[in-house]
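One structure below.
Since the structure is predicted, the reported quantities are computational estimates derived from the model, not experimental observations. Hydrogens, waters and symmetry mates play no part in the numbers below; they use all other heavy atoms, side chains included. In what follows, chains carry the letters A, B, and so on, assigned in the order in which the sequence lines appear, proteins first and then strands, with residues in each chain numbered from 1.
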Protein chains: 2
Amino acid sequence: MRARSGPTIADVAAASGVGVGTVSRVINNAEHVRAGTRLKVLAAIEQLGYRPSHLAAALSRGRPRTVAIVIPHLTRPSAVERLAGALSVLDKHGYDTVVCNVGSPAQRDHHLAALTARHRAAGVIIVSLPLSRHQVAEFRAAAIPLVAVDVSLPGLPHTIIDDVAGGELATRHLMSLGHRRIGFVGDKFPSKKAPALGFRSSDRRLAGYQRALTAAGLPSDAHLVRLGPHGPATAEALAAQLLGLPVPPSAIFAASDTQAMGVLSAAERSGIAIPGQLSVVGFDDIQAAELLGLSTVRQPLEDSGVMGAERLCAIMRGDEIRPLRQLLPLRIVHRRSSATVGHRPVTGATEQAGQQTPTIAELGGMPCD
Amino acid sequence: MRARSGPTIADVAAASGVGVGTVSRVINNAEHVRAGTRLKVLAAIEQLGYRPSHLAAALSRGRPRTVAIVIPHLTRPSAVERLAGALSVLDKHGYDTVVCNVGSPAQRDHHLAALTARHRAAGVIIVSLPLSRHQVAEFRAAAIPLVAVDVSLPGLPHTIIDDVAGGELATRHLMSLGHRRIGFVGDKFPSKKAPALGFRSSDRRLAGYQRALTAAGLPSDAHLVRLGPHGPATAEALAAQLLGLPVPPSAIFAASDTQAMGVLSAAERSGIAIPGQLSVVGFDDIQAAELLGLSTVRQPLEDSGVMGAERLCAIMRGDEIRPLRQLLPLRIVHRRSSATVGHRPVTGATEQAGQQTPTIAELGGMPCD
DNA sequence: GTGAAAGCGCTAACAC
DNA sequence: GTGTTAGCGCTTTCAC
């Protein structure tokens, strides 16, 4: 019917004088095969240059050795790190990983719908995206294991951090350095015109910021909170607003490192010294943070991918996941961008040394449910 | 035998009172189906909640609708941008994309070998990785379309840039600003202990740098060339060496933006003003470059992924690709990090305005073969 | 136009 | 232990 593209299991069977069943067993390292037989088969495989067909195996088995990872804004540093973490373990377990990058709700829904089709994926990792009850139900109906990373999915395994606590951590760090007037730069809930993917991290971090302020008896000045679409350019503009205030903040907490970079940039533009005149704290600890000497709340990005993937593998293996909620630890990494109010800069080797010993405050890490 | 997981084409056929062949035609939008019949079938599909099985279709067709992209160091900004570009077009064409991140030669060989197995991928995009003649032959033997991005693959379609010309571009830019003592920070050919993936970009950019220097009648001082393992930390150290020289360079060209960031960082540590005392030019124009005001040689990263993917799709569609070599354009983006020798800084709005009008020098863009 | 039937290459029962 | 066989769900001739 079609041109055959290579030797099949039948050819191997014929060549080695055994049945296809035996060849299959050898391929899959199943037991109940005599050593001699195995060798014969292996020789035939080698000689014929036989390569098993994933497709046929998967169809026959009823389930592909493929998992999908649905991840928004792939090019953001935090997303890639998560992806890389997941890929490394999926790889190790022999899964093919198809990556679905989503940049809009439409794209998200498209991918999600496609993934519940038959034989599409043996499991799915969903990153940062809140799913509707209906979407979750589709996966359940299709019996496709689903785990979430960086987003809470009730009833399903999810690996997350406590964003509120993170916001508190950052704010308390700043307050411990003597800052009393602390600005916040974060994401704004977008308009209907640009419907978003439902990220809540920034909001939660803001909540933590406010909580910490309140707990310390500090007023939370609405003027000090600036929100806008995610991205360094916006963050830069927002920070510029903050710095232009009659009484500007002495510190700014940005909801992400990317945004913190915008803040740094704004300060540089305005000739404001970091950390002399302004302390900045970010969130995530992406790779650029270290390079820029950015103080930040570190979350284990790569690990989140690793954990999510490992849990998915466990489920696909048939294991039960308990507890469903896995909380990853957060900690402050104190670098050059934050210092005590009115800090006088030190240059050269001294500062370098200082940077080598970041102050660290731990939090979380305890799984709970 | 196995628990059936949902309605099949046969169920749809039965429900709509037609044969499976007809259903198949409907699913694939094939012709020769009466409109009425089509509607009936569509109704049955809807009613049964039928989802076609990719696996079965692929097996039957002899070729999956899956392509693989093999890409080293996924977490590097340049790699992600390429990946994102490729994903967007593959997605649009309805392909699943499995991503193979490679961090070592062993991993590379592992993935490459796996991909030549039967029914594994309908096509492969290989990014930045030089392939051995043998590896290429394997793909050819397996009749798996292969295209390269950011690496030249003789006899196969490849989308690349002219790294030598890029190196020249950067160097000439610096020279045009009056710089005569220009340092270079790039990748060193790693030792056997840490066998690398064979990237040659840094070397070629260095060659361009030397060529430009020579063409301008400037001596190329070996002390001004510093090489080390890729990464900002190393670059920072190398730049520090350069800055510590008895007669330090007035400008540094880094083989990548990531390394340029290390250079910037080193300058900041040493209290050296950018661009007052030191001009810096990078390569790639990753997203962070704009934010940092880093002058750089821009290469179309995302586009390279787009182009590679489009060419792969074309081949899978049966088209011929001519010419094989596709050269993407390069251009200098002049930002704050480079200026004339002895430049006096301007602050505030003035500088902001200046940054809005980067000088641009074009090069390449013409396909050739 | 449409139906029937033969694969695609493999896994998994089941018999021996 | 090993061979045989019946699917897995679809595409694609080939008759009608």
Side-chain angles (χ1 to χ4, degrees), chain A residues 1-42 44-45 48-66 117-120 122 142-143, chain B residues 1-42 44-45 48-66 117-120 122 142-143:
Chain A
M1 190 186 272
R2 295 160 205 73
R4 49 184 329 159
S5 46
T8 75
I9 202 175
D11 299 323
V12 176
S16 47
V18 302
V20 294
T22 302
V23 177
S24 175
R25 280 171 212 126
V26 171
I27 295 171
N28 298 294
N29 294 310
E31 32 209 32
H32 303 307
V33 179
R34 195 175 306 162
T37 313
R38 160 160 296 151
L39 253 42
K40 260 196 317 195
V41 173
L42 255 19
I45 287 179
L48 266 54
Y50 166 79
R51 317 285 310 268
S53 158
H54 254 51
L55 235 48
L59 178 58
S60 182
R61 199 181 285 122
R63 179 173 9 82
R65 268 194 87 71
T66 298
R118 309 196 51 182
H119 297 163
R120 206 60 184 298
Chain B
M1 191 184 270
R2 295 160 203 73
R4 51 184 324 157
S5 46
T8 74
I9 203 175
D11 299 324
V12 176
S16 47
V18 303
V20 294
T22 303
V23 177
S24 175
R25 279 168 213 127
V26 171
I27 294 172
N28 298 294
N29 294 309
E31 32 210 31
H32 301 307
V33 179
R34 195 175 306 165
T37 313
R38 165 163 314 208
L39 253 42
K40 260 195 319 194
V41 172
L42 254 19
I45 287 179
L48 266 54
Y50 165 78
R51 317 287 308 271
S53 158
H54 255 52
L55 234 49
L59 177 58
S60 182
R61 199 181 286 122
R63 178 174 8 81
R65 268 193 88 71
T66 298
R118 306 194 55 177
H119 297 164
R120 205 62 184 298

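- Taking the side chain of B:His32 as heavy atoms from C-beta on, and the options D:dC10, C:dG1, C:dC10, the nearest nucleotide is C:dG1.
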Hey, mind stepping through B:Thr22 and B:Arg34 against side-chain contact (heavy atoms from CB on, under 4.5 Å) and telling me if it holds?
CA-CA 10 Å; B:Thr22 303; B:Arg34 195 175 306 165; over 6 Å; no
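- Remark: C1' of C:dG1 and CG of B:Asn28 are 16 Å apart, rounded to the nearest angstrom.
- When the side-chain nitrogen and oxygen atoms of B:Ser24 are compared with OP1 and OP2 of D:dT12, none of them lie within a distance under 4.0 Å.
- In this structure, A:Leu55 atom CG and D:dC8 atom C1' are separated by 11 Å, rounded to whole Å.
- The phosphate of D:dT11 has neither OP1 nor OP2 within less than 4.0 Å of any side-chain N or O from B:Arg25.
- Taking only side-chain nitrogens and oxygens, B:Thr37 comes nearer than 4.0 Å to OP1 or OP2 of C:dT2.
- Residue A:Ser60 places a side-chain atom within donor-acceptor reach of the base of D:dG7, judged by atom type and a 3.5 Å distance cut-off alone.
- Checked by distance alone, B:Arg51 brings no side-chain donor or acceptor within 3.5 Å of a matching partner on the base of D:dG9.
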Step by step, would you call A:Val41 with A:Val33 a side-chain contact (heavy atoms from CB on, under 4.5 Å)?
CA-CA 10 Å; A:Val41 173; A:Val33 179; over 6 Å; no
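- The distance from atom CG of B:Asn29 to atom P of D:dT12 is 13 Å, rounded to the nearest whole Å.
- For B:Arg51, the CZ atom sits in a packed shell: over 12 heavy atoms of surrounding residues, nucleotides or ligands are nearer than 6.0 Å.
- The distance between atom CZ of B:Arg118 and atom P of C:dC8, rounded to the nearest whole Å, is 10 Å.
- For B:Thr22 and C:dG1, a side-chain-to-base donor-acceptor distance below 3.5 Å is absent, hydrogens and geometry of angles not being considered.
- Residues B:Arg38 and B:His119 each lie close to DNA chain C; by heavy-atom proximity, the contact nearer the 5' end of the strand is made by B:Arg38.
- The distance from atom CD1 of A:Ile9 to atom P of C:dG9 is 11 Å, rounded to the nearest whole Å.
- Within the 4.0 angstrom heavy-atom criterion, no nucleotide atom of any strand lies near A:Gly36.
- Distances from the side chain of B:Ala57 to the nucleotides C:dC10, D:dC10, D:dG9 place D:dC10 closest.
- One finds a side-chain N or O of A:Arg34 lying less than 4.0 angstrom from the OP1 or OP2 phosphate oxygen of D:dT2.
- The residue B:Val23 sits apart from the nucleic acid: no heavy atom pair falls under 4.0 Å.
- Atom CZ of A:Arg63 has 12 or fewer neighbouring heavy atoms from other residues, nucleotides or ligands inside a 6.0 Å radius.
- Between A:Arg61 atom CZ and D:dG9 atom C1' the separation is 16 Å, expressed in whole Å.
- Following rounding to the nearest Å, A:Leu59 (CG) and D:dG7 (C1') show an atom-to-atom distance of 9 Å.
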Apply side-chain contact (heavy atoms from CB on, under 4.5 Å) to B:Thr66 and B:His54, showing your working.
CA-CA 10 Å; B:Thr66 298; B:His54 255 52; 5.8 Å; no
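- When rounded to the nearest whole Å, the span between NE2 of A:His54 and C1' of C:dG9 equals 14 Å.
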